[in-house]
Amino acid sequence: MDLPNTIKSGQAFRWRQDGKETEAAEAWFSGVVFDSIVTIRHVRGGIEIRCATGEAEEVAPLLRDYLRLNDPLDDICRSIDLDEHIRSAMTRYSGMRLLRQDPWECLVSFICSATSNIRRISGNVEEMASHFGRRLANGGDARHAFPRPGELAEAGEQRLRDLGLGFRAKYLAPVARMVADGEVDLFALREADYSDGLETLTSLPGVGDKVANCVLLFSLDKLEAFPVDVWVRRALQEWYDVDRKKKLSDVDQRRWAQDYFGSYAGYANQYLFHSRRLMGR
DNA sequence: AGCCAGGCCCTCC
DNA sequence: GGAGGGCCTGGC
């Protein structure tokens with residue numbers, strides 16, 4: 001398990017590394033999951049947990065689920081080990097895993113990701129939590145639960161704009177209202193298949209193919225999902241020459257990759273994304 | 001100072 | 001059906 005790269009690979013936005021001075025490999029990370037403030041680090045042979053709120057014994061199995069520790073990573077990596085580029089990325093970030101996040105928080109986070117960046121997304125998400133989420137006791141270092149759909153719906157577009165969310169607020173407000181009213185059942189999509197989930201999610205305002213695939217991959221157990229963003233697009237063009245003949249749309253590039261990598265295309269996506277993004281440009 | 005960011009949507013052709 | 005422009009705000 002590579003905890004630092006898993007936490008810092010742009011899937012989730014509420015984790016903070018405690019004490020930047022220590023090496024990332026041994027660093028503590030604190031986040032808010034399952035309405036608990038949780039601090040974790042990688043230790044030899046496992047994950048060490050400190051629980052500021054709630055019982056560690058209760059959180060441990062949830063965290064195991066969240067970190068997807070039951071995914072057969074060796075088998076998965078073998079199944080997508082199809083060429084030198086993905087192999088190189090898997091070698092460099094060996095042990096990096098997908099997360100299994102809360103679908104609602106994941107949906108909101110990736111609606112916020114449009115023409116943004118990880119730093120700003122994290123700030124937006126944290127601002128929404130601190131303004132509209134329930135305060136979680138933790139002495140001086142207060143953190144807040146991620147706001148429920150109803151809490152965000154009640155906040156409304158203007159107050160979301162006031163937090164600096166920009167045009168994303170005009171999508172977030174109606175989506176929050178729809179989820180709060182039960183027009184869409186995000187958790188039910190865990191039982192649905194990929195294409196049904198994709199259709200449902202892309203029917204929401206502000207949710208296109210890319211954002212929907214992020215939500216499907218990072219929270220709804222659809223490991224064949226393959227979000228195509230600018231970094232993945234660069235990886236596909238530079239390393240796989242996907243565009244060589246005619247220009248392929250993002251959706252066609254996504255379909256190409258899903259066909260090429262197969263049922264664990266989402267893991268391939270994560271390695272390609274992380275690897276290409278850290279190369280910069 | 002101006003351009004561009006981890007997209008989406010709408011308008012035109 | 002797809003190319004092009006607009007959208008908020010912040011950072012370089």
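All figures in this text were calculated on a predicted structure; none of them were measured in a lab. The sequence lines fix the lettering, A, B, ..., with proteins before strands; numbering per chain opens at 1.
- Look at CG on A/Asp162: it is 13 Å from P on C/dC8, rounded to the nearest Å.
- The gap from the C1' atom of C/dG5 to that of B/dC3 amounts to 15 Å, rounded to the nearest Å.
- Residue side chain A/Arg168 does not reach the base of B/dC8 through any donor-acceptor N/O pair under 3.5 Å, judged by distance alone.
- Taking atom CG on A/Leu248 and atom P on C/dG2, their separation rounds to 10 Å, with Å as the unit.
- Contacts of A/Ile118 with the nucleic acid, taken as non-hydrogen atoms under 4.0 Å apart, include base atoms.
- A salt bridge between A/Arg97 and A/Asp71 is absent, with no side-chain N of the basic residue lying under 4.0 Å from a carboxylate O of the acidic one.
- Rounded to an integer number of Å, the gap from A/Arg120 CZ to C/dG11 P is 9 Å.
- The phosphate of C/dG11 (OP1 or OP2) has a side-chain N or O of A/Arg119 nearer than 4.0 angstrom.
- Using a 4.0 Å heavy-atom cutoff across all strands shown, A/Leu163 reaches no nucleic acid atom at all.
- Using a 4.5 Å heavy-atom threshold, the side chains of A/Lys8 and A/Trp15 count as separate.
- Annotation: C/dG4 and B/dC4 have their P atoms spaced 15 Å apart (nearest Å).
- In DNA chain B, runs of at least 3 stacked Watson-Crick or G-U pairs (N1-N3 plus N6-O4 or O6-N4, or N1-O2 plus O6-N3, all under 3.5 Å) give these stems: B:2-5 with C:9-12, B:7-13 with C:1-7.
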Chi angles and distances behind the side-chain contact (heavy atoms from CB on, under 4.5 Å) call for A/Tyr271, A/Ile86: CA-CA 7 Å; A/Tyr271 283 103; A/Ile86 185 69; 4.0 Å; yes
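- Atom CG of A/Leu172 is separated from atom C1' of B/dC8 by 13 Å (rounded to the nearest Å).
- Nearest-nucleotide assignment on DNA chain C puts the 5′-proximal partner with A/Ala114, out of A/Asn117 and A/Ala114.
- Distance, A/Asp250 CG to C/dA3 C1': 13 Å, rounded to whole Å.
- When heavy atoms are screened at a 4.0 angstrom cut-off, A/Gly10 is found touching base atoms of the nucleic acid.
- Classification of A/Arg41 and A/Glu26 as a salt-bridged pair fails, no side-chain N sitting under 4.0 Å from a carboxylate O.
- Atoms CG (A/Leu278) and P (B/dG6) sit 13 Å apart, rounded to a whole Å.
- Take the nearest nucleotide of DNA chain B for A/Pro205 and for A/Gln11: the residue whose nucleotide is more 5' is A/Gln11.
- Residue A/Lys170 places at least one side-chain N or O closer than 4.0 Å to OP1 or OP2 of C/dC8.
- Here, B/dC8 and C/dG11 have their C1' atoms 22 Å apart, quoted to the whole Å.
- B/dG6 atom C1' lies 12 Å from atom CD of A/Gln270, rounded to whole Å.
- A/Glu238 and A/Arg276 are joined by a salt bridge, as a carboxylate oxygen and a charged side-chain nitrogen come within less than 4.0 angstrom of each other.
- Among the heavy atoms of the strands lying under 4.0 Å from A/Ser113 are primed sugar atoms or P, OP1, OP2 only; no base atom is included.
- Here the closest heavy-atom approach between residue A/Glu224 and residue A/Ala265 is recorded as O-CB, 3.8 Å.
- One finds no salt bridge joining A/Lys210 and A/Asp250 here, because no Lys/Arg side-chain nitrogen approaches an Asp/Glu carboxylate oxygen to under 4.0 Å.
- Under the 30°/60° scheme for interplanar angles, the aromatic rings of A/Tyr260 and A/Trp256 are found to lie parallel.
- In this structure, the nucleotide among B/dG6, C/dC7, B/dC9 sitting nearest to the side chain of A/Phe167 is C/dC7.
- The separation between A/Met279 atom CE and B/dG6 atom C1' is 17 Å, rounded to whole Å.
- The residue A/Val207 sits close only to the backbone: its heavy atoms come under 4.0 Å of sugar-phosphate atoms, none of a base.
- No hydrogens or angles were tested; on distance alone, nothing pairs the side chain of A/Arg161 with the base of C/dC8 as donor and acceptor under 3.5 Å.
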